[in-house]
Amino acid sequence: MEFDSKIKTIEWKNNTSKVIDQTKLPYEFKIADITTCEQMYNAIKNMIVRGAPAIGIAGAHGVALAALELSRKTGTKEDFLNKLNRKAEYLKSARPTAVNLMWAIDKQMKLVGETDCDIKTITEKLIKNGVKLENEDIEINKKIGEYGAQIVPKGAGILTHCNAGALATVGYGTALGVIRSAYAKDSTIKVFADETRPRQQGARLTTWELVQDGIPVTLITDGMCSYLMSKGMINMVVTGADRIAANGDSANKIGTYTVAIAAKYHNIPFYIAAPLSTIDISIESGDKIPIEERSHDEVTHINGERICAEGVNIINPGFDVTPNGLISGIITEKGILKPNYKNSIAQAMSIILR
Ligand code: MRU
């Protein structure tokens, strides 16, 4: 049985990028209509659209929107191209950690570089390519799901952190893609979702989307995972990633590293599920991955309400890096990459090692 998710997080329609506003979930389901490059920058920055593959597609749509805006103005092609380049760089600066954003924008700009035609045709090509990347994302996630489902033990308890689901991609999800495919084969698996402070993507988004698809899920707070592991309730961990270095070190939502350490201690396999577009081979190891520092309000407040004394010191790194030694495998659309990651990643990316 094939499991299909009803959720489409981002979709290009009538020169508009339509995105599910994730700041409103789970209280309200609202589609935001994004019609300008600036609106897209703000949507990514303010996490109306979030999750590495989803912000990649948002970036690709953003470039198409920028081209549309610029094509309506009079000016030379050179002027158009210069301005488009600046807008592409601006979009890339919306969030620093997820490399899918840079990857998708670079894909769009490469297309522009290879195209020797008029402004109207360039704009049309950018729109077409944005839609192509959008459709490919779902196919890639389904492949990740198929590969991942093969290694899920019967009746397993599976823990995931943050939201690497349909909402973090165009649809179906990476880590939740594995869970969706596994559930289609074996409805006795048990899914556990970490709450994922400070933005609560696990509580707000992962549980919401699994409930939409009728997949039972148990919500736990971030500190509970070791206890559940010690009781034998968790047999496998699968999370997404925002950027994977050439040696397999993987950046994902803050707290992922803690879960990976707990899994290692309890001899539980810890998997990353991510498309190859999340791998940044220009970065040798995880210590070079830029980590986003987010607003301190996210820590001091929950739902607008202050939860700590005035005057406390705060740090709020949005991501951490799980060292490759804690990762049992990286589930990609080309199969499951195993250690030594330097070799398996290079092979998957078709790079000849020197
Ligand atoms: O800050 P967010 O919500 O964009 O962070 C998202 C994550 O960390 C996801 O796990 C990651 O992007 C993988 S999504 C398939």
Side-chain angles (χ1 to χ4, degrees), residues 5 7 9-10 19-25 43-59 94-104 137-138 140-145 148 159-180 193-206 208-210 222 237-244 250-260 270-280 286 289-295 298-299 316-322 327 330-333:
S5 171
I7 301 157
T9 298
I10 177 163
V19 305
I20 297 176
D21 184 344
Q22 299 190 39
T23 62
K24 301 266 192 295
L25 288 171
I44 297 169
K45 193 169 181 62
N46 299 325
M47 296 173 67
I48 288 170
V49 57
R50 46 134 312 269
I55 66 173
I57 303 307
R95 292 191 77 185
T97 304
V99 76
N100 307 63
L101 177 63
M102 329 318 166
W103 171 85
D137 181 74
I138 299 181
I140 287 168
N141 295 335
K142 288 197 170 165
K143 281 194 192 132
I144 290 173
L159 174 67
T160 190
H161 189 75
C162 192
N163 172 266
L167 289 167
T169 59
V170 178
Y172 206 71
T174 58
L176 294 194
V178 172
I179 286 170
R180 283 190 167 92
D194 274 343
E195 173 189 26
T196 320
R197 271 284 283 152
R199 298 246 343 177
Q200 294 160 302
Q201 288 93 329
R204 293 193 305 107
L205 307 175
T206 295
W208 181 82
E209 70 164 81
L210 291 178
D222 294 338
V237 181
V238 56
T239 76
D242 288 81
R243 193 184 295 230
I244 301 171
S250 298
N252 191 48
K253 181 52 54 196
I254 194 78
T256 305
Y257 182 19
T258 311
V259 176
F270 174 96
Y271 285 93
I272 294 281
L276 293 177
S277 55
T278 303
I279 299 177
D280 182 354
I289 298 176
I291 300 294
E292 180 179 17
E293 176 72 20
R294 296 196 56 87
S295 163
E298 292 180 351
V299 179
N316 187 17
F319 301 90
D320 57 27
V321 177
T322 299
I327 302 169
I330 301 173
I331 308 165
T332 75
E333 69 272 32

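Just so you know, ligand 1 is whichever comes first in the structure, and atom 1 is the first atom listed for that ligand.
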Exercise for the section: Tell me which protein heavy atom sits closest to atom 6 (C) of ligand 1, plus the residue, atom name and distance to 0.1 Å. Expected result: Arg50 NH2, 3.5 Å

Exercise for the section: Return yes if some donor-acceptor pair links the side-chain N/O of Arg204 with the main-chain N/O of Gln22 below 3.5 Å, else return no. Expected result: yes

Handout entry: ligand 1 atoms in contact with Arg95 (distance to a heavy atom under 4.0 Å)
Key = 1 (O), 2 (P), 4 (O)

Exercise for the section: Can you measure from CG (Asp242) to CD (Glu292) and round to the nearest 0.5 angstrom? Expected result: 9.0 Å

Practice task
Provide the number and element of each atom of ligand 1 under 4.0 Å from a heavy atom of Ala52.
Solution key: 12 (O), 14 (S)

Exercise for the section: Please determine if Lys253 has a nitrogen or oxygen closer than 3.5 Å to a nitrogen or oxygen of ligand 1. Expected result: yes

Problem - Side chain Thr23, main chain Asp21, donor-acceptor under 3.5 Å - result: no

Practice task
Please report which non-hydrogen protein atom sits nearest to atom 11 (C) of ligand 1, along with the residue it belongs to and the distance in Å to one decimal place.
Solution key: Asp242 OD1, 3.1 Å

Handout entry: Close side-chain approach of Asn252 and Thr322, heavy atoms under 4.5 Å
Key = no

Exercise for the section: Answer yes or no: does an N/O atom from Ala164 fall short of 3.5 Å to an N/O atom of ligand 1? Expected result: no

Handout entry: Residue portion contacting ligand 1 (non-hydrogen atoms closer than 4.0 Å) for Pro53
Key = side chain

Problem - ligand 1 to His161 polar contact by distance, N or O atoms, under 3.5 Å - result: no

Practice task
Please identify which atoms of ligand 1 are closer than 4.0 Å to at least one heavy atom of Gln201.
Solution key: 1 (O), 2 (P), 3 (O)

Exercise for the section: Measure the CD-CG distance between Gln201 and Leu25 for me, rounded to the nearest 0.5 Å. Expected result: 12.0 Å

Exercise for the section: Measure the distances from the heavy atoms of Ala241 to every atom of ligand 1 and state whether one is below 4.0 angstrom. Expected result: yes

Practice task
Spell out, as yes or no, whether a donor-acceptor pair under 3.5 Å connects the side chain of Asp280 to the backbone of Val99.
Solution key: no

Handout entry: Test item, Asn100 contacting ligand 1 (heavy atom, 4.0 angstrom)
Key = no

Problem - Partner residues of Asp222 under the side-chain hydrogen bond (donor to acceptor under 3.5 Å, both in side chains) criterion, sequence neighbours left out - result: none

Practice task
Kindly indicate whether the side chain of Thr97, heavy atoms from C-beta on, has any atom under 4.5 Å from the side chain of Ile289.
Solution key: yes

Problem - Interfacing atoms of ligand 1 (cut-off 4.0 Å, heavy-atom, Met47) - result: 1 (O), 2 (P), 3 (O)

Handout entry: Under 3.5 Å: N/O of Cys162 near N/O of ligand 1
Key = no

Exercise for the section: Any chance you could measure Asn163, atom CG, to Arg50, atom CZ, to the nearest 0.5 Å? Expected result: 4.5 Å

Exercise for the section: Flag yes if more than 12 heavy atoms outside Tyr257 fall under 6.0 Å of its OH atom; otherwise flag no. Expected result: no

Handout entry: Thr239 contact mode with ligand 1 (heavy-atom cut-off under 4.0 Å)
Key = neither

Exercise for the section: Look at atom 10 (O) of ligand 1 and say which protein heavy atom is nearest, naming residue and atom and giving the distance to 0.1 Å. Expected result: Asn252 OD1, 2.6 Å

Handout entry: Note, Asn141 side chain near Arg180 side chain (heavy atom, < 4.5 Å)
Key = no

Practice task
Indicate yes or no: does an N/O atom of Thr174 lie under 3.5 Å from an N/O atom of ligand 1?
Solution key: no

Handout entry: Element-labelled atoms of ligand 1 that are located less than 4.0 Å from some non-hydrogen atom of Ala168
Key = 14 (S), 15 (C)

